[in-house]
Amino acid sequence: MKLFKLAALLSIPVIFAVGCESTPEQPTEAAPEPVAEKPAEAPTTTAVEPAAPAAMDPLDSGLLAKRTIYFDFDKYNIKEEFKDVVKAHAQYLSDHPGAKITIEGHCDERGTREYNIGLGERRASAIQQMMTLQGASARQINTVSYGEERPNALGHDEDAWSRNRRGEIVYTSR
Amino acid sequence: MRKLSQHLFLSVLLLLSSGAAHAVLQIEITEGVEGAFPIAIVPFGLEGGNGQLPSVIMSNVISSDLARTGRFKPFAERDLVARPTQQADVQFHNWRILGADYLVVGKMRSTGPGTYAIQFQLFDVFKQTQLAGYSIPARQEDLRYVAHQISDIIYETLTGEPGAANTRIAYLTVVRSEVGKSRYSLYVADADGYNPQVVMQSNLEILSPSWSPDGRYLAYVSFENTKKYAHGEAAVFIHELATGKRQEIAKYPGHNGAPAWSPDGTTLALVISRLHEGDRSNYDIFLFDLQNRNLKRVTTDPGIDTYPVFSPNGKFLLFTSDRSGRPQIYRKDLNGGREERITFTGAENDRAVISPDGKKVGMVTNDGGNYRIAVLDLETRHLQVLTDGALDESPSFAPNGSMIIYATTYNNRQVLSAVSTDGRVKQRIPSDEGSVREPAWSPFVKK
């Protein structure tokens with residue numbers, strides 16, 4: 001029987017996508033050593049030089065440290081409370097022409113998967129558009145949508161949903 | 001309609017292979033139909049073969065297949081009053097007393113090492129007549145398929161419609177091993193959940209599997225190359241099941257998704273959000289000619305257009321669009337003509353599928369805040385909600401139009417379920433592995 005041969009063959013072509021990770025690429029930043037918080041130990045014989053404070057990256061403080069913009073259900077307009085964050089990143093991009101970001105659009109689990117990929121892209125595009133209006137260059141900004149596929153919170157209630165309807169700003173070059 | 005779940009709760013473990021690193025699907029019939037045909041399926045006799053038992057108990061497979069349709073109520077083996085294997089041994093009045101409307105007997109005759117001649121007969125108990133009878137040669141490894149063929153012969157003889165036991169389903173499993181790490185596996189299994197085979201695995205998302213009309217290929221969306229492309233998005237692939245050969249069909253700069261085959265297998269309808277770098281994102285429907293590789297735009301509306309599906313005659317497309325605000329189903333005549341909205345009940349309607357006879361449209365409907373599977377009768381324009389979940393999605397018609405398989409949430413996990421097109425028969429298909437989603441029922445396999 002043809003069907004059986006087909007089924008038997010199916011066990012062979014297992015294809016693995018190589019070199020992929022399920023988490024979006026995050027800029028890995030060497031965390032500053034917590035020198036100040038080391039507990040006092042037995043007295044040492046040599047005096048320790050106080051560590052010079054690492055040069056603070058402006059992206060790690062204030063509004064620029066905020067990288068997530070949340071949205072209302074089925075909406076893609078940027079809410080008032082997040083406009084300052086978007087503007088701050090736009091200003092940074094404008095001041096650092098070599099910097100590049102990817103904006104990831106995400107949705108909650110309600111609605112169909114492919115529709116949500118469209119909605120996530122609208123969210124990412126809305127952030128991109130506001131940034132370019134604020135002086136960032138369009139070529140500094142990529143957008144991508146993962147729809148409902150990469151939730152932050154795994155619950156099935158408004159609390160989880162509200163944390164999943166988001167745009168995430170990821171610096172690929174600083 | 002009265003639920004039979006109280007007195008008819010068949011929990012049938014259909015997949016007996018153990019220890020395999022496969023998602024085991026187990027089908028539970030949670031709601032049957034009043035008036036299902038009582039049918040007695042007698043264990044098949046065995047002749048020859050030095051007493052070696054065949055690997056498949058034919059009567060069990062046939063009973064499960066028929067029970068799953070909701071149209072039949074097979075008797076438990078222990079209730080059978082006799083064990084005839086051919087017409088000469090059948091005492092019809094015994095089966096009438098038992099309450100069986102129909103009777104199936106058969107035998108397997110060993111014809112050599114690992115080969116059998118399988119004979120079966122279907123009787124009308126009241127008329128005491130044979131309704132169907134066949135002898136089928138089979139190899140040991142084909143026995144399950146022969147059992148499914150017998151189920152389909154019985155189903156068609158008694159209902160007048162083709163059976164779908166000898167078909168397959170494609171589906172995805174997602175296993176989260178640790179925070180942020182997932183494993184996506186695209187499977188194809190027999191329609192009863194047996195014999196799951198991995199088609200493809202990835203650490204990144206796979207979506208929207210779609211069968212070619214000849215059952216030889218799956219089209220799907222994979223995020224596997226997201227790191228390669230500047231904009232890092234999904235591409236559409238077609239995958240030949242017998243060889244594992246894959247082709248990347250669409251990898252335009254934006255999203256490439258929601259593939260659906262034309263009935264003649266020459267064209268793939270799909271969604272592309274950006275044709276060129278720097279284009280504004282606009283999810284539109286395109287047709288990709290698989291022979292000359294031409295791409296033709298079908299829609300241009302600035303809204304999100306997605307989930308195209310061909311009508312069985314290939315003359316029109318249905319698709320989702322939110323051009324009127326929320327997603328609704330639209331119809332486009334491929335010989336030109338305007339795009340006409342066809343759903344008006346429900347806040348949202350999305351991901352349409354068309355029944356094989358072209359008369360009904362299955363879809364996901366927003367039913368007062370819950371996402372459920374509904375069927376629209378194209379003639380009466382009546383929309384019937386078939387399921388009662390909160391997040392039911394991904395409907396797919398059986399090739400005989402009798403059932404819709406879909407994804408639902410049960411015990412906080414995503415599992416597959418099936419519902420008859422009239423909403424009267426319901427099955428749940430739990431799995432022992434992760435979440436199961438995106439089911440697609442195969443077409444009839446050409447023999």
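For clarity, every value in this text was computed on a predicted model and none was experimentally measured. Order of the sequence lines fixes the chain letters, A, B, ..., with proteins taken first and strands second; residue numbering starts at 1 for each chain.
- Take B/Y220 and apply the side chain to side chain donor-acceptor pair (under 3.5 Å) test, not counting sequence neighbours, and it matches B/H239, B/R246.
- The contact list for residues 151-167 of chain A toward chain B, using heavy atoms and a distance under 4.5 Å, reads A/P151, A/L154, A/H156 by residue number.
- The candidate from B/D305, B/I304, B/T320, B/N370 with the greatest count of non-hydrogen atom pairs under 4.5 Å with chain A is B/I304.
- To the nearest 0.5 Å, atom CG of residue B/L204 and atom OH of residue A/Y146 are 7.5 Å apart.
- Ranked by non-hydrogen atom pairs under 4.5 Å with chain A, the options B/S394, B/G369, B/P327 are led by B/P327.
- Most heavy-atom pairs under 4.5 Å with chain A: of the set B/E348, B/R326, B/R280, this distinction falls to B/R326.
- Residues of residues 128-138 of chain A having a heavy atom under 4.5 Å from any heavy atom of chain B, listed by number: A/Q129.
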Indicate every side-chain donor-acceptor pair of residues 116-127 of chain A with a distance under 3.5 Å to a residue at least two apart or in another chain.
residue : atom : partner : partner atom : Å
A/N116  : ND2  : A/D108  : O            : 3.3
A/N116  : ND2  : A/R110  : O            : 2.9
A/N116  : ND2  : A/T112  : O            : 3.4
A/N116  : ND2  : A/E148  : OE2          : 2.9
A/E121  : OE1  : B/Y283  : OH           : 2.6
A/E121  : OE2  : B/S273  : OG           : 3.3
A/E121  : OE2  : B/R274  : NH2          : 3.3
A/E121  : OE2  : B/S281  : OG           : 2.8
A/R122  : NH1  : B/D322  : OD2          : 2.7
A/R122  : NH2  : B/D322  : OD1          : 3.1
A/R122  : NH2  : B/D322  : OD2          : 3.0
A/R123  : NE   : A/K75   : O            : 2.8
A/R123  : NH1  : A/H106  : O            : 3.0
A/R123  : NH2  : A/D72   : O            : 3.1
A/R123  : NH2  : A/K75   : O            : 3.0
A/S125  : OG   : A/E121  : O            : 2.9

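- The distance from the CZ atom of A/R113 to the CD atom of B/E438 is 5.5 Å, given to the nearest 0.5 Å.
- For the pair B/A258 and A/E114, the tightest heavy-atom approach, listed with the atom from each and the gap, is N-OE2, 2.7 Å.
- Neither the backbone nor the side chain of B/V271 has a heavy atom closer than 4.5 Å to any heavy atom of chain A.
- The heavy-atom pair separating A/F73 from B/Y371 by the smallest distance is CZ-OH, 3.7 Å.
- More than 12 heavy atoms of other residues, nucleotides or ligands shown are found within 6.0 angstrom of OH on A/Y92.
- Residue A/Y115 holds its OH atom at 15.0 Å from CZ of B/R351, rounded to the nearest 0.5 Å.
- When the candidates B/V364, B/L391, B/T409 are compared by the number of heavy-atom contacts under 4.5 Å with chain A, B/L391 comes out ahead.
- Distance check, rounded to the nearest 0.5 Å: CD of A/E149 to OH of B/Y184 gives 6.0 Å.
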